[in-house]
Protein chains: 2
Amino acid sequence: MSKPRARTSSRRKSAPATRAARRHSSSAGAPAEPVEPDTRERILAAGAALVGAKGFNGCGLSEILQRAGVPKGSFYHYFESKEDFGVALIERARDEYLDSLRTHLGDRKRSPLARLRSIFEDTRAECESNGPTVECLIPKLALETATLSEPVHAAVKCAYQQWSALIAQVIREAQSAGEVARSHDPDHLADVLVMLWEGAAVRMQIDRSIGPLDDFLAFVFDTLLPARR
Amino acid sequence: MSKPRARTSSRRKSAPATRAARRHSSSAGAPAEPVEPDTRERILAAGAALVGAKGFNGCGLSEILQRAGVPKGSFYHYFESKEDFGVALIERARDEYLDSLRTHLGDRKRSPLARLRSIFEDTRAECESNGPTVECLIPKLALETATLSEPVHAAVKCAYQQWSALIAQVIREAQSAGEVARSHDPDHLADVLVMLWEGAAVRMQIDRSIGPLDDFLAFVFDTLLPARR
DNA sequence: GGCCGGATTAGACCAGTCGTCTAGAACTCC
DNA sequence: GGAGTTCTAGACGACTGGTCTAATCCGGCC
């Protein structure tokens, strides 16, 4: 029953987008793109939007490709299978998110606690403007496919570990700076923050309101972290 | 784009299960079902297992029906559509969970805090024995379909509100009994607990370990609730 | 017994699924 | 200019998806 499955993990094969096809208009949307993004990225972007909205199994390849303005034949040039595509989607979302995290956390002009706070408030602001529909792709894909596909599972797990580690690091700095009670174990506290944030994000989608994110911020920064002892 | 969609919300059409269903209990009470469970319930049970494992869009009707030993033609006698079936799935999971919650919380022989703790520890124990794969159907379906289907969304939302309300209630009792710091607002605290638990459940599936649930228990009952101030 | 009418089932139906495959266009490098 | 690689193009196939209509079952009624 199970397909043969071609072991290799994936990892963008090289730099396939030589010069990024100039012609080939057909692109429905993009009005003034300086250099139109390479095909692979276009597929991923369309996929992220669609999968975020309708789930991984909820949308078909054809739909994604049509939205990306890319023919089917190209898809299988860049990805081995839909599953492989899912992994790429997660890696992309993870890299994007972790990069933004590192940017915030590396801002030495602010105190560690302020930096920590900023990463959550930033997302909150984004959700406020884009509507609470903004989807966290990762938990979504995680719940939907993690039980089925080992590669997807691995990608998700890795994303969470890195995320937790970054938070733990800034907590340590905040403790050194005396901004956070030393009684908290940084690693456990980081896990708690990540879990709570995750839960808030899920709840936000359910309530269709950013209220849960506000609850998160209020609880974490007004109650939890400043706690004596 | 969107299908015509047959207006009526759903709500089990009447009493389709003529005799078969011993009036389809619904009042959880039903002790021992001598007669084999009615068809509708069999479909729901099979669906819960399969959807929990593979997602709502990840498994087809035929698969569910085959597992339930019910012919395909019968499905549309009991449900209007697959979406309607999804709603029923959620309502079933919600009723089951909330009932078990009420049982625990109504146990007057224990202190409010002990009761609160027991509902989480109970699930933890269950996950430990059944493997961490145990799926919370509700968040899964919520993330997967809530953006698409209004009825599903409503069912999920309702489930969370009731859940939160139950937790808030027992927190109030615990505060009256002096077991939990009064500085916490019961409603907000309940939301935080629910979010955190939700996040822990998601994380459990990702880590494939009940570690996150233990982190939850330790954090909530050793650190958060006993907090002075 | 003959008939009726609702409950239940069987299976056809087609749109849509993922994935394959062959042609050829576009570009690079010799 | 020509050879070779990369990428695009989209028809195609095998299959499954959810849905629905037409037939069957079965107990009750005259």
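Side chains are part of it too, since the values below use all heavy atoms of this structure and drop only hydrogens, waters and symmetry mates. Here is the naming used below: chain letters follow the sequence lines, and residue numbers restart at 1 for every chain.
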Asks: Of the candidate nucleotides C:dC18, D:dC20, D:dT8, which contains the atom at the shortest distance from the side chain of B:Y76?
Replies: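 Out of C:dC18, D:dC20, D:dT8, the nucleotide with an atom closest to B:Y76's side chain is D:dC20.
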
Asks: Quickly work out the A:E80 CD to C:dT20 P distance and round it to whole Å.
Replies: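 It works out to 10 Å between those atoms.
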
Asks: Whole angstroms only, please: what is the CZ-P distance between B:F79 and D:dC20?
Replies: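 Atom-to-atom, B:F79 to D:dC20, this comes out as 16 Å.
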
Asks: Are the side chain of A:K140 and the backbone N or O of A:G52 linked by a donor-acceptor pair below 3.5 Å?
Replies: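 Pair found, side chain donor or acceptor close to backbone of A:G52.
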
Asks: Determine: side-chain N/O of A:T39 to OP1/OP2 of D:dT8, distance under 4.0 Å, yes or no.
Replies: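 Looking at the OP1 and OP2 atoms of D:dT8, one of them is under 4.0 Å from a side-chain N or O of A:T39.
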
Asks: Between D:dT16 atom C1' and B:L65 atom CG, what is the distance in whole Å?
Replies: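 B:L65 atom CG is separated from D:dT16 atom C1' by 14 Å.
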
Asks: Out of the candidates B:D214, B:I210, B:L213, only one should pair with B:E128 under the side chain to side chain contact (heavy atoms under 4.5 Å, CB included) rule; please name it.
Replies: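 The passing option is B:I210.
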
Asks: Quick check against the 3.5 Å criterion: does A:Q205 have a side-chain atom that pairs as donor or acceptor with the backbone of B:L143?
Replies: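 Not at all, since once roles are kept as given, no pair shorter than 3.5 Å links the two residues.
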
Asks: I need the CG-P distance between A:D84 and C:dG19, as an integer number of Å.
Replies: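 For the pair A:D84 CG and C:dG19 P, the rounded distance is 10 Å.
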
Asks: Between the protein and nucleotides 14-17 of chain C, are there any N/O to N/O pairs under 3.5 Å, and if so, what are the atom names and distances?
Replies:
from: C:dT17; atom 1: OP2; to: A:S62; atom 2: OG; distance (Å): 3.3

Asks: When A:F85 is tested against each of A:F79, A:F56, A:Y78 for ring-ring contact (aromatic ring centres under 6.0 Å, His included), which residue passes?
Replies: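 When ring-ring contact (aromatic ring centres under 6.0 Å, His included) is applied between A:F85 and each of A:F79, A:F56, A:Y78, only A:F79 qualifies.
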
Asks: Does the A:S164 side chain pair with the main chain of A:Q161, one donor and one acceptor, at a distance under 3.5 Å?
Replies: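 Not a single qualifying donor-acceptor pair exists.
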
Asks: Strictly below 4.0 Å, N to O, side chains only: are A:R203 and B:D191 in salt-bridge contact?
Replies: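 So A:R203 pairs with B:D191 through a salt bridge.
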
Asks: Provide, to the nearest angstrom, the distance between the NE2 atom belonging to A:H77 and the C1' atom belonging to C:dA23.
Replies: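 Rounded to the whole Å, the gap is 16 Å.
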
Asks: For salt bridge (charged side-chain N to carboxylate O under 4.0 Å, His left out), just list the numbers for B:R208 and A:E150, CA-CA rounded to whole Å, side-chain angles, deciding distance to a tenth of an Å, and then say yes or no.
Replies: CA-CA 12 Å; B:R208 296 209 178 137; A:E150 208 37 57; 3.3 Å; yes

Asks: A:W197 vs A:F216 aromatic rings, parallel, tilted or perpendicular, using cut-offs 30° and 60°?
Replies: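 Answer is perpendicular, since the angle exceeds 60°.
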
Asks: How many Å lie between CD on B:Q66 and C1' on C:dG11, as a whole number?
Replies: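 Atom CD in B:Q66 sits about 15 Å away from atom C1' in C:dG11.
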
Asks: Look for any protein N or O under 3.5 Å of an N or O in nucleotides 10-13 of chain D and output each such pair with its distance, or none.
Replies:
from: D:dG10; atom 1: N7; to: A:G73; atom 2: N; distance (Å): 3.2
from: D:dG10; atom 1: O6; to: A:G73; atom 2: N; distance (Å): 3.3

Asks: Kindly point out which of C:dT8, C:dC18, D:dT8 is positioned nearest to the side chain of A:Y78?
Replies: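 Nearest listed nucleotide: D:dT8.
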
